[in-house]
> 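For reference, the structure I am asking about is given below.
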Amino acid sequence: MATPLSDTPLSPLKTVAVVGLGTMGTGIAEVLAQAGRDVIGIDISEAATAHAVTALEASTARGVQRGRCTEQERADVLSRFRTFTDLRAAADADLVIEVTPESYDIKQQVFRALDGIVRPETILATGTNALSVTRLAADSARPERVLGLHFFNPAPAMKLVEVVSSVLTAPSAVAAVTDLALQLGKEPVAVGDRPGFVADGLLFGYLNQAAAMYEAKYASREDIDAAMKLGCGLPMGPLALLDLIGVDTARTVLEAMYAESRDRLHAPAPILKQLSEAGLTGRKSGRGFYSYEAPGSATVVRDALTPLDGAALTPGRTVRSVGVAGSGTMASGIAEVFAKAGYEVVLAARTEEKAQAAKARIGKSLSRSVDKGRMTAEAAAQTLERITPAGSYDAFAEVDLALEAVAEDLEIKQQLFATFDKVCKPGAVLATTTSSLPVVACARATSRPQDVIGMHFFNPAPAMKLVEVVRTVLTTDDVHATVREVCAKIRKHPVDCGDRAGFIVNALLFPYLNNAIKMVQEHYATLDDIDAAMKLGGGYPMGPFELLDVVGLDVSLAIEKVLHREFRDPGLAPAPLLEHLVAAGCLGRKTGRGFREYARR
């Protein structure tokens with residue numbers, strides 16, 4: 001009888017077999033060979049094995065050209081990679097990494113065959129990102145040696161590796177592959193067995209919601225993608241990313257997630273099925289949400305859905321002067337943006353002192369820009385001169401655009417719009433910067449709701465390029481055109497959306513953040529591992545818990561409640577852990593403690 005794996009010292013994982021030489025398998029093989037491992041590449045397709053060799057030859061040749069390795073080192077790497085079409089070539093491997101298509105039938109056939117080929121102590125790893133590691137392990141003759149080893153694409157570049165344990169996995173097997181991942185220069189994150197694990201578990205829910213948003217014709221594909229890139233600093237928009245991943249692959253992952261969670265947020269959007277069954281699977285087919293130059297190409301080409309270039313069909317109103325209501329960070333940031341663009345700005349607050357303090361804050365911001373060489377002292381002085389502070393909204397009598405940036409409280413905003421209605425001249429555009437409240441409710445506080453629109457700037461306004469332009473059912477075409485023209489003049493990127501909770505960015509961002517909190521609440525993964533997974537595996541500039549603490553847990557909770565109230569989806573209900581932290585006064589960096597503790601300033 002074989003000695004249990006958990007009691008046997010593991011030999012170093014020197015020889016590794018990679019089963020399945022598609023893009024991911026080939027990338028993993030390259031990483032292993034570059035790190036000095038003997039790699040056995042196996043695929044039933046001779047074309048796939050030949051392509052894997054060619055890809056490694058090309059990659060190492062580029063390495064020599066760029067001075068990353070010598071010709072001898074390149075030759076050594078190539079000599080360590082051998083390819084076969086028979087699974088029996090894995091007989092001497094210390095570790096086998098299976099990277100076959102996302103199908104239980106295919107993967108189970110591979111694991112059953114490996115049971116009769118490899119040594120008893122050989123570790124078997126699946127590269128799945130959607131299927132149950134436990135189910136695959138249970139069918140193996142030695143389930144204690146089976147685990148998940150989830151690399152991210154492209155494997156040579158992406159640092160994250162999720163090490164997935166089932167309830168059957170021996171700790172020694174986990175330790176061995178974790179050590180290997182570190183030796184490969186990767187950052188391993190330990191997770192339990194559930195569909196999507198950490199990174200894809202959070203990512204695919206977000207992608208699914210973006211697909212549903214597009215399917216509902218709430219916003220164009222270009223505007224959804226631009227909003228998430230510019231509003232959240234993401235490297236790609238969600239629909240472009242779905243095309244890169246493969247629409248069919250995304251649908252498979254979501255089906256697996258929904259089968260376990262029964263969370264409607266994971267139920268694949270119907271458009272994913274429609275595109276998949278039509279063969280429009282993204283870049284690999286040449287068409288998905290976007291159209292591409294050729295199958296496999298990254299170059300997007302015009303199609304019937306591409307917006308027309310050129311001027312708007314409806315001319316906008318003339319805007320020379322702008323009134324900004326408020327004295328906080330957002331109000332002063334917006335006033336700075338308009339003044340820099342050459343507009344005369346009236347910055348009004350409840351008192352003259354507050355307005356003067358807001359102008360002083362702008363002066364300091366402009367001075368920092370001068371110190372950093374971003375503008376001249378003369379330009380900064382001219383910008384500041386264009387801003388007139390006022391202690392009464394009566395100063396908005398002659399402005400062409402009145403924009404409020406006061407507290408996110410509907411009653412306060414409605415009172416302010418009633419004041420705008422009284423003091424602003426006929427034809428003035430009235431705008432709200434709300435991020436979560438109904439724009440139409442502000443509009444109905446006036447006698448001219450047709451002139452009211454949302455202009456949702458992002459903080460800090462001088463740096464962030466995005467403005468969500470929110471039309472109500474009452475907003476006229478010329479008001480919409482005016483705001484888009486103004487956005488161009490202040491060098492912001494406008495995206496159009498309708499008047500519903502969260503608009504584009506918050507409606508996609510906050511359910512993702514809420515799901516991350518649920519992972520911690522359920523003890524599935526740690527704060528640090530989740531933040532690392534999303535930064536390393538998803539390319540996010542900040543992990544979800546870093547971002548939550550920056551935004552403020554109270555602000556996040558308020559937005560979650562608005563989304564839940566509007567869409568009535570149980571999956572959008574705020575995580576109890578978030579509610580408990582807010583109730584305890586742990587609001588993030590501003591209080592010194594949120595999900596993490598911060599040094600008091």
Side-chain angles (χ1 to χ4, degrees), residues 194-216 218-219 224-225 227-229 231-234 236-239 241-242 250 253-254 257-258 260-272 435-437 456 458 468 497-498 500-522 524-525 527 530-531 533-534 537-538 540 542-579 581-582 595:
R194 74 185 212 183
F197 313 129
V198 171
D200 285 353
L202 293 176
L203 177 65
F204 279 89
Y206 149 72
L207 296 177
N208 192 41
Q209 287 176 281
M213 181 181 280
Y214 172 67
E215 185 172 22
Y218 175 67
I224 291 171
D225 279 355
M228 298 313 292
K229 287 169 65 180
C232 296
L234 300 181
M236 292 184 76
L239 302 179
L241 182 54
L242 278 164
V253 174
L254 286 163
M257 290 172 65
Y258 180 67
E260 177 163 314
S261 70
R262 294 297 166 186
D263 186 335
R264 280 170 51 195
L265 298 178
H266 299 152
I271 194 172
L272 299 177
S435 64
S436 60
L437 300 174
H456 179 211
F458 288 74
E468 289 177 318
C497 53
R500 73 179 201 189
F503 310 136
I504 297 174
V505 174
N506 286 348
L508 295 178
L509 174 64
F510 280 89
Y512 149 78
L513 296 175
N514 200 41
N515 285 336
I517 298 169
K518 290 177 184 176
M519 281 188 175
V520 168
Q521 184 178 283
E522 294 162 8
Y524 175 66
L527 302 178
I530 293 172
D531 276 357
M534 296 317 295
Y540 282 63
M542 299 178 79
F545 296 100
E546 290 178 88
L547 182 56
L548 281 158
D549 279 353
V550 168
V551 170
L553 273 57
D554 51 340
V555 174
S556 302
L557 178 59
I559 294 172
E560 290 289 355
K561 285 180 174 178
V562 168
L563 293 172
H564 185 224
R565 188 163 59 243
E566 175 133 333
F567 296 109
R568 312 286 178 91
D569 191 321
L572 294 174
L577 177 56
L578 179 62
E579 294 186 298
L581 287 168
V582 171
F595 283 97

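As the structure is a prediction and not an experimental result, all values here were calculated from the model.
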> I need the minimum non-hydrogen distance between S261 and H266, along with the two atoms involved.
OG-ND1, 2.8 Å
> Do L557 and E579 come within less than 4.5 Å of each other through their side chains, counting heavy atoms only?
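In short, these two side chains touch, coming nearer than 4.5 Å.
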> With side chains defined as the heavy atoms from C-beta onward, is the minimum distance between H456 and N506 less than 4.5 Å?
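In contact.
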> Just wondering, do L553 and L578 contact through their side chains at under 4.5 Å, heavy atoms?
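Side-chain contact under 4.5 Å: yes.
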> List the atom of L572, the atom of Q209, and the distance in Å for their closest heavy-atom pair.
CD2-NE2, 4.3 Å
> Give every donor-acceptor pair under 3.5 Å between a side-chain atom in residues 509-520 and any protein atom, sequence neighbours left out.
| from | atom 1 | to | atom 2 | distance (Å) |
| --- | --- | --- | --- | --- |
| N514 | OD1 | A575 | N | 2.9 |
| N514 | ND2 | A573 | O | 2.9 |
| N515 | ND2 | P511 | O | 3.3 |
| K518 | NZ | G571 | O | 3.0 |

> Sequence neighbours excluded, which residues qualify as ring pair (Phe, Tyr, Trp, His ring centres under 6.0 Å) partners of Y218?
none
> Give the table of side-chain donor-acceptor pairs shorter than 3.5 Å for residues 559-568, with sequence neighbours excluded, one pair per line with atom names and distance.
| from | atom 1 | to | atom 2 | distance (Å) |
| --- | --- | --- | --- | --- |
| E566 | OE2 | A501 | N | 3.0 |
| R568 | NE | R565 | O | 2.9 |

> Which atom pair, heavy atoms only, marks the closest approach of A211 to L242?
CB-CD1, 4.2 Å
> Main chain of C497, side chain of E468: is a donor-acceptor contact present, judged purely on distance under 3.5 Å?
no
> May I ask you to decide if M542's main-chain N or O and D531's side chain share a donor-acceptor pair within less than 3.5 Å?
no
> In Å, rounded to the nearest 0.5 Å, how long is the span from CG of L508 to SG of C232?
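One finds 8.5 Å between CG of L508 and SG of C232.
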> So Y540 and L234, do their side chains get closer than 4.5 Å, heavy atoms only?
yes
> Is there any salt bridge (Lys or Arg N to Asp or Glu O under 4.0 Å) pair reaching into residues 547-559, and which pairs are they, with sequence neighbours excluded?
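Pairs touching residues 547-559 that pass the test: D554-K590.
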> Could you work out, with ring pair (Phe, Tyr, Trp, His ring centres under 6.0 Å) as the rule, every residue matching F595, not counting sequence neighbours?
F545
> How many angstroms lie between atom CG of L241 and atom CG of D225, to the nearest 0.5 angstrom?
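Atom-to-atom, L241:CG and D225:CG are 9.0 Å apart.
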> Looking at CE of M257 and CG of D263, how far apart are the two atoms once the value is rounded to the nearest 0.5 Å?
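So the gap between those two atoms works out to 8.5 Å.
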> Could you report the tightest heavy-atom contact between S556 and V551, atom names first, then the distance?
OG-CG1, 3.7 Å
> Using a 3.5 Å cut-off and no angle test, enumerate the donor-acceptor pairs between side-chain atoms of residues 194-204 and protein atoms at least two apart in sequence or in another chain.
| from | atom 1 | to | atom 2 | distance (Å) |
| --- | --- | --- | --- | --- |
| R194 | NH1 | E522 | OE1 | 3.0 |
| D200 | OD2 | N129 | ND2 | 2.9 |

> Looking at N208 and A269, what are the two nearest heavy atoms and their distance?
OD1-N, 2.8 Å
> Check whether F503 forms a cation-pi arrangement with R500 (NZ or CZ under 6.0 Å from the six-membered ring centre, at most 45° off the ring normal).
no
> Considering non-hydrogen atoms only, spot the tightest contact between P238 and Y206 and give its length.
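Closest approach of P238 to Y206: CD-OH, 3.3 Å.
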